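Everything numeric in this text was worked out from a predicted model, so none of it was measured. All heavy atoms count here, side chains included; hydrogens, waters and symmetry mates do not.
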Amino acid sequence: MALLRVGIALTLLLDLALRARSLRAHYTDFGVLPRATTLADGSPAVFFLPSLHSLSGDWPLQAVLFTVAGGCAVFLALGRFTRTATMASWLLLVSLHHRNPMVTHGDDTLLACVLFFGMLLPWGARYSLDARSVPARQTERSGTAPTRFLSFATAGYAVQVALVYLFSALLKTGPEWWSEGSAVAYALSSGNAYAWVAVAQDFPGLLALLSRGVMALEFAAPLLLFSPIWTAPLRMVGIVGIVAFHLGIASTLALGIFPVVGIVTTLGLIPSVCWTWLGVDRGATEAPTQLEDSFPGRLRNGVALGALALIVGWNLTTLPRAPFAFSPGIVKLGAWLRLGQSWSMFAPGPSRESGWHVVAGRLDDGSTVDVLRGGERVDWARPPRIATVYPSFRWYEYLARTTGPEAGTHQELYAAYLCRAWNETQPETRHLRTLELVYLWSDIRPGAPLDRPERRTLRIHRCRPALPVNAGV
């Protein structure tokens, strides 16, 4: 649990650092999602408590909250005021997610869920400043600190990790996974793939084997993690398989911090026998503790049991033939707690379309530039690697969500933001007059050249005259 705690804390710091690059664009009223829009949408955050990040639309508050969140993550890594630091980290992470749900993804959900169970775990009991400050009291109570801990929180955390892979497999119902075996080939033809993987398309047999191997791993991982026989060795096989799976993703696809979160969240599942074999905690008692009998312990167990029931039930509702549905109140509660989840990763099958965006802006001096690419000339040719068109993976996912006809409001907000951001930094003669948001796409045929892309104009926006903008209004 100490290793899990440190890993989660470092992941939080990495996440904050990456998000901070788009702090003003994603989390202020100057950016793509002003607070008035989230309030009008009736976001889950408003149903219970407002997002702390929505208290002001100015960037200084966001910078302060990012700094506080980073400080809490440092305390969590060091294991000082561990439970308080965990609670504060979870609250700030949930608040950040609710401020702009358009830039949240599955890795954010998994990180928030594991951090939620971390609030109920004693993951500051070892290798922490807290443990060093109370060694006498701990030894007096139990003689030696136990190497294992049992509670509904440990069950909830372990089940949460397993559910990611089990339901990801159950939702992969497309023929690309089993009968065709073409899923990996389609995924590697998407805009997220690194350039070097193009050579893999010359080995369709290997890619078909990998497609079926991914399905086999996702089905096998939960069984290996919870095997009643040969528990420790089989669990380690499952953990190694999951780590190898995420390393494979990280080396082929640009998916943000998803592989990092996937690896880090397995660290708490490493069997205690491994640490004993490595000589860690030598001489400590091997018997697991019983369920906590104090009132705070019973309260934590009750909360963990409720959360466990919620996440299991929620995943069942994501199946094509869901056995039941939650009431609207429970849905809003789960969404606010960030326990609501759907692991439809490349499900039911990967996209058979590859596309990218061009934002053609007409300036007051008559010239035309691609605003998305920082003012370069407009180029309608397919880029060598689509992901490089976008400032970051979160921007890539954000624009992917604004491509459909149902996202008209977000297309308008994005276009208005581009006008503000461009005109703020350019001389008056080069202010944006109009811009055209275009999506270019073509069907994917693994192993074959892509067809000539088709253009789809998503929005034509007339920029307002440049005026001083107060991001807090």
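For the pair Arg420 and Phe30, the cation-pi test (distance below 6.0 Å, angle within 45°) is passed.
Closest heavy-atom contact between Glu176 and Pro348: OE1-O, 4.4 Å. The nearest pair of heavy atoms linking Thr265 to Val161 is O-CG2, 3.5 Å. Between Leu413 and Pro34, the shortest heavy-atom distance links the atoms CD2-CD, 4.0 Å. Minimum heavy-atom separation, Ile311 to Leu339: CG2-O, 3.8 Å. In terms of heavy-atom proximity, Ser351 sits nearest to Ile444 at O-CD1, 3.9 Å. Taking all atoms of both residues into account, the shortest heavy-atom contact from Ala85 to Cys72 is CB-O, 3.7 Å.
Side chain of Arg338 to backbone of Ala112: no donor-acceptor contact under 3.5 angstrom is found. Looking only at distances, no side-chain donor or acceptor of Asp107 sits under 3.5 Å from a matching main-chain atom of Val261. For Ser128 (side chain) and Ala131 (main-chain N/O), a donor-acceptor pair under 3.5 Å exists by modelled atom type. For the pair Ser95 (side chain) and Leu52 (backbone), a donor-acceptor distance under 3.5 Å is present. Side-chain atoms of Lys172 do not come within 3.5 Å of backbone N or O of Val214 as any donor-acceptor pair. Listed for the Arg5 side chain is a donor-acceptor partner under 3.5 Å among the backbone atoms of Leu76. Put simply, the side chain of Ser251 gets close to the backbone of Leu247: a donor and an acceptor are under 3.5 Å apart. At least one donor-acceptor pair under 3.5 Å links the side chain of Arg83 to the backbone N or O of Met119. Of the possible polar contacts, none joining the Thr457 side chain to the Val438 backbone as a donor-acceptor pair under 3.5 Å is found. For the pair Thr37 (side chain) and Leu33 (backbone), a donor-acceptor distance under 3.5 Å is absent.
Taking the six-membered ring for Trp and thresholds of 30 and 60 degrees, Trp336 and Trp90 have ring planes more than 60 degrees apart, a perpendicular arrangement. The aromatic rings of Phe393 and His105 are tilted relative to each other, their planes meeting at an angle between 30° and 60°.
Summarising the geometry, atom CD belonging to Gln62 is positioned 7.5 Å from atom OG belonging to Ser54; distances are rounded to the nearest 0.5 Å. To the nearest 0.5 angstrom, Leu115 atom CG is 10.0 Å from Leu92 atom CG. For the atom pair Ile257 CD1 and Ile263 CD1, the distance stands at 12.0 Å (nearest 0.5 Å). Distance CG/Leu234 to CG/Leu224: 6.0 Å, rounded to 0.5 Å. Annotation: the span from Asp370 atom CG to Leu372 atom CG amounts to 5.5 Å, rounded to 0.5 Å. Separating the OG1 atom in Thr104 from the CZ atom in Arg394 is a distance of 7.5 Å, to the nearest 0.5 Å.
Proximity of Ser392 to Leu18: side-chain heavy atoms (C-beta onward) are nowhere separated by under 4.5 Å. By the 4.5 Å heavy-atom criterion applied to side chains, Arg300 and Ser151 are not counted as neighbours. Residues Leu170 and Phe219 have side chains in contact (heavy-atom distance under 4.5 Å, counting atoms from C-beta outward). Side-chain contact check for Phe346 versus Trp177: some heavy-atom pair is nearer than 4.5 Å. Contact check for Arg373 versus Val389: side-chain heavy atoms found under the 4.5 Å cut-off. Contact check for Phe152 versus Val303: no side-chain heavy atoms found under the 4.5 Å cut-off. Pro271 has its side chain within reach of Met236: a pair of non-hydrogen atoms, C-beta onward, lies under 4.5 Å apart. A 4.5 Å side-chain heavy-atom check between Ser342 and Trp314 finds every atom pair outside the cut-off.
If you check the side chains of Ser22 and Trp395, you find a donor sitting under 3.5 Å from an acceptor. In summary, the side chains of His357 and Tyr390 do present a donor paired with an acceptor at a separation below 3.5 Å, with no hydrogens or angles considered. Of the N and O atoms on the side chains of Arg401 and His410, not one donor lies less than 3.5 Å from an acceptor on the other residue. For the residue pair Arg352/Tyr186, the side-chain donor-acceptor check at 3.5 Å is satisfied.
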Problem set entry | CA sep, side-chain torsions, deciding dist, call: Leu129, Phe75, side chain to side chain contact (heavy atoms under 4.5 Å, CB included) | CA-CA 9 Å; Leu129 295 179; Phe75 274 99; over 6 Å; no
Exercise. Does the pair Ile460 and Leu435 meet the rule for a side chain to side chain contact (heavy atoms under 4.5 Å, CB included), with working shown?
Worked result: CA-CA 6 Å; Ile460 296 178; Leu435 59 80; over 6 Å; no
Problem set entry | From CA spacing to verdict: side chain to side chain contact (heavy atoms under 4.5 Å, CB included), Ile239, Ile242 | CA-CA 5 Å; Ile239 292 173; Ile242 291 172; 5.7 Å; no
Exercise. How far apart are the C-alpha atoms of His26 and Arg19, what are their side-chain angles, what is the distance that settles it, and do they pass the side chain to side chain donor-acceptor pair (under 3.5 Å) test?
Worked result: CA-CA 9 Å; His26 289 166; Arg19 287 178 184 271; over 6 Å; no
For this session: Begin with the C-alpha distance, continue with both residues' side-chain angles, and end with the deciding distance and a verdict on side chain to side chain contact (heavy atoms under 4.5 Å, CB included) for Ser133 and Arg80.
Result: CA-CA 9 Å; Ser133 66; Arg80 186 56 174 161; 3.7 Å; yes
For this session: Show your reasoning for whether salt bridge (Lys or Arg N to Asp or Glu O under 4.0 Å) applies to Asp29 and Arg99.
Result: CA-CA 11 Å; Asp29 287 349; Arg99 175 59 185 87; 3.7 Å; yes
Exercise. When you look at Tyr414 and Tyr398, which way does the ring-ring contact (aromatic ring centres under 6.0 Å, His included) test go after all the steps?
Worked result: CA-CA 10 Å; Tyr414 175 62; Tyr398 168 81; 5.8 Å; yes
For this session: Given side chain to side chain donor-acceptor pair (under 3.5 Å), test Glu218 with Ser168 step by step and report yes or no.
Result: CA-CA 7 Å; Glu218 291 183 335; Ser168 177; 3.1 Å; yes
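Remark: of the listed residues Thr318, Asn315, Thr109, Asn315 is the sole one forming a side chain to side chain donor-acceptor pair (under 3.5 Å) with Gln341.
For Tyr157 and Phe117, the gap between ring centers reaches or exceeds 6.0 Å. Aromatic rings from Phe66 and Tyr27 are positioned such that their centres are separated by under 6.0 Å. Aromatic pair Phe167/Tyr165: ring centres not closer than 6.0 Å.
Environment of CE in Met87: sparse, with no more than 12 heavy atoms of neighbouring residues, nucleotides or ligands closer than 6.0 Å.
Comment: Glu436 does not engage Arg459 in a salt bridge, judged by the lack of any side-chain N to carboxylate O separation of less than 4.0 angstrom.
Pairs passing the ring-ring contact (aromatic ring centres under 6.0 Å, His included) check and including a residue from residues 248-268, sequence neighbours excluded, read His246-Phe258.
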